[in-house]
Each structure stands twice: as structure tokens, then as C-alpha cells.
There are 2 protein chains.
Amino acid sequence: MPERDHLYLRLAVDLVILTVRDDALQVLTITRANKPFRGQAALPGGFLREGEDLVGAAVRELHEETGLDGRGLHLEQVEAYGEPDRDPRGRIVSVAYLAMMPNLPLPTAGSDASTAGWTPVARATGLAFDHDRILADAVERARTRLEFTTLATAFCGADFTIGDLRNVYEVVWGQPLDPRNFNRKVLGTEGFVEPTGGKRMPEVGRPAALYRAGGATRLNPPILRTDRHG
Amino acid sequence: MPERDHLYLRLAVDLVILTVRDDALQVLTITRANKPFRGQAALPGGFLREGEDLVGAAVRELHEETGLDGRGLHLEQVEAYGEPDRDPRGRIVSVAYLAMMPNLPLPTAGSDASTAGWTPVARATGLAFDHDRILADAVERARTRLEFTTLATAFCGADFTIGDLRNVYEVVWGQPLDPRNFNRKVLGTEGFVEPTGGKRMPEVGRPAALYRAGGATRLNPPILRTDRHG
DNA sequence: CCAAAAGTGTTCGCTTTACACCCATGG
DNA sequence: CCATGGGTGTAAAGCGAACACTTTTGG
């Protein structure tokens, strides 16, 4: 039923999956197997299919291209990108999604999955399409999310210490924080973390209490970076 | 060049144009002239065309449906909506844009434009498609924007008083503010407003100094609502 | 004079920040 | 003992909420 002035196009979903690894903020990238940009690094993603939700497409593509199970992951829409010439294959509008996950080994099983890997955000330049810009937007969004939500816990495993959580903030923000004040701020925010009762023995130093993510979503009051963006 | 698993669809752009009018937050709506939802209120919007930018489509549709010139308006992307059944005409993904403008009379010239009008947000329910949800998301975004950016000035004309600006905050947030503290907060934020030197005589009371929008974009420190959302 | 809105000064209390200090472990 | 990171106490500084008070107009 195409009509006059009605442009038909394809819709892509691109994924910015972030983790904290080796004291650096890293992004999940794939090496493109097909043209255009064959052999070049890109964000994982793919085309929306019939009957599929945007988030559903994101979860499916994540699994197909990296072997990861995206269910349970907090997938947050960043923005839609629609410049007419952003994709040489034709008119393709892309919706970017952001997720944060703990530092887990990537499955190496699947065929497509074999090309997926972590890249430090600081060195992730020259990506295919307009993925440099998408990545920059998503990282800025993630930095803001740490200020106002409890999503930093998404970077940690099931159990973590306050030091682990502080490390997430320091790495994502690229800014050192006072360990003592950070401790109080986190523990003083109801629902941010819950003690598990366990302890973790470090290589050196006093054992640290273990926590898991609490029920709260929003941080009130927020934990603000002093170095304001903009 | 359609391939397997590549869904072709149409992309719509929907507009949430807000203003403050009669001490109420109001949204620009149209009455649909075509099916589906013929005769029902909806947000202005339309389909993306060939070679067109997302923002370009938003500006064009705004002009076609309301007669307004969207150039110069701060159009901010809110979100993309992609539920498979959100539009009975077929698979249509919509990208919503938000803009804030002063209380100007709407052009009544154009044929399509004749159905455009302002509706108080509080009474704007039962809109076509999923526009109720889009409106709610956009309004929440606007409320947050007032906290962290200088966009409240977009609701005012070229010249305005601090009282005018405070009224914008009070109406959009639905919450009274202390006039004295608000005054200092605004004037103490560099680049928020600039004095024009003029004064405005009210019907009753002391004349108020006039200001215009300053060069700043972000509010640092922010002006936070006490009634936290969520 | 009074009413009403604009604008200034000041106090109180909380949050943030900076840092001294103690705790618990391995070597 | 020392080094290292975890955790508590505390005082100073900064900021926002509340409100007394002055200013400038029209009636």
C-alpha cells in the first residue's frame, strides 16, 4: 500500500554494551563480516524484523552477534539516528540502545560471535557508519545515569564491595573519588545496596563487606560529578 | 534490494509542541482529517520523506499542519516508538520531538492548519495512536529540562520579567516557588538571563525589570523541584 | 493610606567536602 | 613491625529553604 510521499526504509538497532574491565571503560565491538566497512570495527546491531519490538530486536541481535543473553539486561534507548546518508546501503534509520554489564568472558561458541570483543572506549575510534557518534552519546548518557540512578551496580557482579562500586564510578567518570565519603554516600542512600553478610579477602589489606544491588532505581540525593559536562 | 529478514517500514515524526497559556501547560494538537482516528485529536506529525533529516521532517510537518515556522525552534528528540501494532495502517516507527514556544496565536491561514489548536495537557487524553504515552514522556522530559537547562526562556517572548519566568516553572512543574529565592537563583546563574534595561508596568504593583535569554544552555547549579519524580 | 508585586538581607539547617584517625588483614 | 585498603568521626564550608523587611507602583 505505498503512497505518494511515503518513504519506505529499513530500521536498524545498534547496541552500546559497556563494561568496566582492567580499570577501563570498555565497549563491545564486532568486526564486520560483510560490506560495507568489511573488516572494520562496529557496534553490534541489525535490522528490525516483522512483528518485533525495538527492544526485542536489540536482545535478539545481541545474542546473534555476541552470544550474550540480553534478557534481564537493562536496555535503555539512547537516540534515533536518521541522517539520509548515514548508511551507504540505503535509507536506514538506527535506534541506539545502551546497556551496562559486569566484566564477563564473552561466549566464543557461535560463528558470528567469534568476532565480538571488548575495546577500551578511549581507543574505540574509527568505527563503521556513524558509530563513533553513537558511542559518544551513549557514554555520556551512561555517565549521567551514574549520577541519578543506581545503575552503577549493573557493572558489578552479584556480590561486590563498596570499593568495587567506587571503582566503577571512577573509571566511568575518569575522576578519583574520596573512598570515605563515597562509602557513606552509598550506605546512606536507602535501597542502593544491601549487605549480604559476606566478606571478601583482598590480596592485601582489610577484608571488605559484600553487598548486592538494592531495590531502589533513582538516587536521591544524586551523586554528582564535580567536573560538569558541557 | 530487499533481502531476507529485512523489514521495510515507514518512519513517522510526531511533535509535542508545548506552551504556557492561561496559566496552564498546553500542547498543540490537530484534529485528524483522515482515517484512522478521523476526527480525533492527535499530535501533529507525518512521514519521513526521501533525502530528509529527522529534524527536517519535524520542521516540515510542523509547518504543513500548523502553519508555524519551526526554524529557530529548539527541537529535541524524545524517543522512538516501535511497538509492532502501534499504528493500524501498518508497520510504522515514530520518532517524537519536543519543542517549547511562547504563547503565540496560531496561524489560521492554511487548509490543514485550520484544525490545529492548543489543548491543556491535563485534559489532553484520548489522543490517537499511542500519543497519550508520547505526550506523557515529552512532558516529563520538559519538566526535567527546566531543572538542568535554560530552556524555560523558550516559553517566554523576547523580553520577559523574572516573574514571567517563575510562572513558567510553576505552571510546568505544577508547584509554587518562592519568588524571592527564585529571583536570586536566576540572577545568580551566569548567562541565564540578561537585563534589557527596560521595565514593564503591571496592572498593580511595582514595575519589574525586563530580561532576555542569555547565552548559557546548561544550568549550573540546577534548579531542582522538591517533589521528586518517580 | 492600602494592596500588590518586585526585590534585598539574614538566619537556620542540611549536605558536601576535606581530612584525622582507627580497623583488619598479609608479609 | 609496616603497607594497604576498609571504615568511622568530625569540623569547616557551601548551599538552599524560610521569612522579615524594604521598594515602587496604582487606586
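Every chain is numbered from 1 and lettered A, B, ... according to where its sequence line falls, protein lines coming before strand lines.
- Counting to the nearest Å, the P atom of D:dT4 and the CG atom of A:N167 are 18 Å from each other.
- The shortest distance between the side-chain N/O atoms of B:K185 and the OP1/OP2 oxygens of D:dC15 is not below 4.0 Å.
- Atom CG of B:L224 is separated from atom P of C:dT15 by 14 Å (rounded to the nearest Å).
- The base of D:dG6 has none of its N or O atoms less than 3.5 Å from a complementary donor or acceptor on the side chain of A:R166.
- Between B:L98 and B:I17 there is no side-chain heavy-atom pair separated by less than 4.5 Å.
- Aromatic ring centres of A:F37 and A:F129 lie closer together than 6.0 Å.
- Nucleotide D:dG16 holds its P atom 13 Å from the CD atom of B:E147, rounded to whole Å.
- As a whole-Å value, the separation of A:R180 CZ from D:dT4 C1' is 14 Å.
- Salt-bridge formation is not detected for the pair B:D159/B:R200: no Lys NZ or Arg NE/NH1/NH2 atom is positioned less than 4.0 Å from an Asp or Glu carboxylate oxygen.
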From CA spacing to verdict: side-chain hydrogen bond (donor to acceptor under 3.5 Å, both in side chains), A:E61, A:H63: CA-CA 5 Å; A:E61 287 291 344; A:H63 184 73; over 6 Å; no
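- Between the P atom of C:dT15 and the CG atom of A:D178 lies a distance of 18 Å, rounded to the nearest Å.
- Between A:Y169 and A:F182, the ring center distance clears the sub-6.0 Å criterion.
- Distance, B:L210 CG to D:dT25 P: 14 Å, rounded to whole Å.
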message: Is there a side-chain hydrogen bond (donor to acceptor under 3.5 Å, both in side chains) between A:T119 and A:T29? Walk through the geometry before answering.
response: CA-CA 7 Å; A:T119 308; A:T29 56; 2.9 Å; yes
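- For the segment residues 198-207 of chain A, residues with any heavy atom less than 4.0 angstrom from an atom of DNA chain D are, sorted by number, A:V204, A:G205, A:R206, A:P207.
- Atom CD1 of B:I162 and atom C1' of C:dT8 are 14 Å apart (whole Å).
- B:W118 is not listed as a side-chain neighbour of B:V27, based on a closest heavy-atom distance of 4.5 Å or more.
- Between A:E76 and A:R145 there is a salt bridge, since at least one side-chain N of the basic residue sits less than 4.0 Å from a carboxylate O of the acidic one.
- Between the axis at the start and the axis at the end of the helix from C:dC1-D:dG27 to C:dG27-D:dC1 there is an angle of 10°, using five pairs per end and rounding to 10 degrees.
- In the interface, the side chain of A:N181 is paired with the base of C:dA18 through a donor and an acceptor atom under 3.5 Å apart.
- A:L219 places its CG atom 15 Å from the P atom of C:dT15, with the value rounded to the nearest Å.
- A donor-acceptor contact under 3.5 Å links the side chain of A:R184 to the base of D:dT10.
- With rounding to the nearest 0.5 angstrom, the CH2 atom of A:W173 is 8.5 Å from the OG1 atom of A:T226.
- Contacts of B:P179 with the nucleic acid, taken as non-hydrogen atoms under 4.0 Å apart, are absent.
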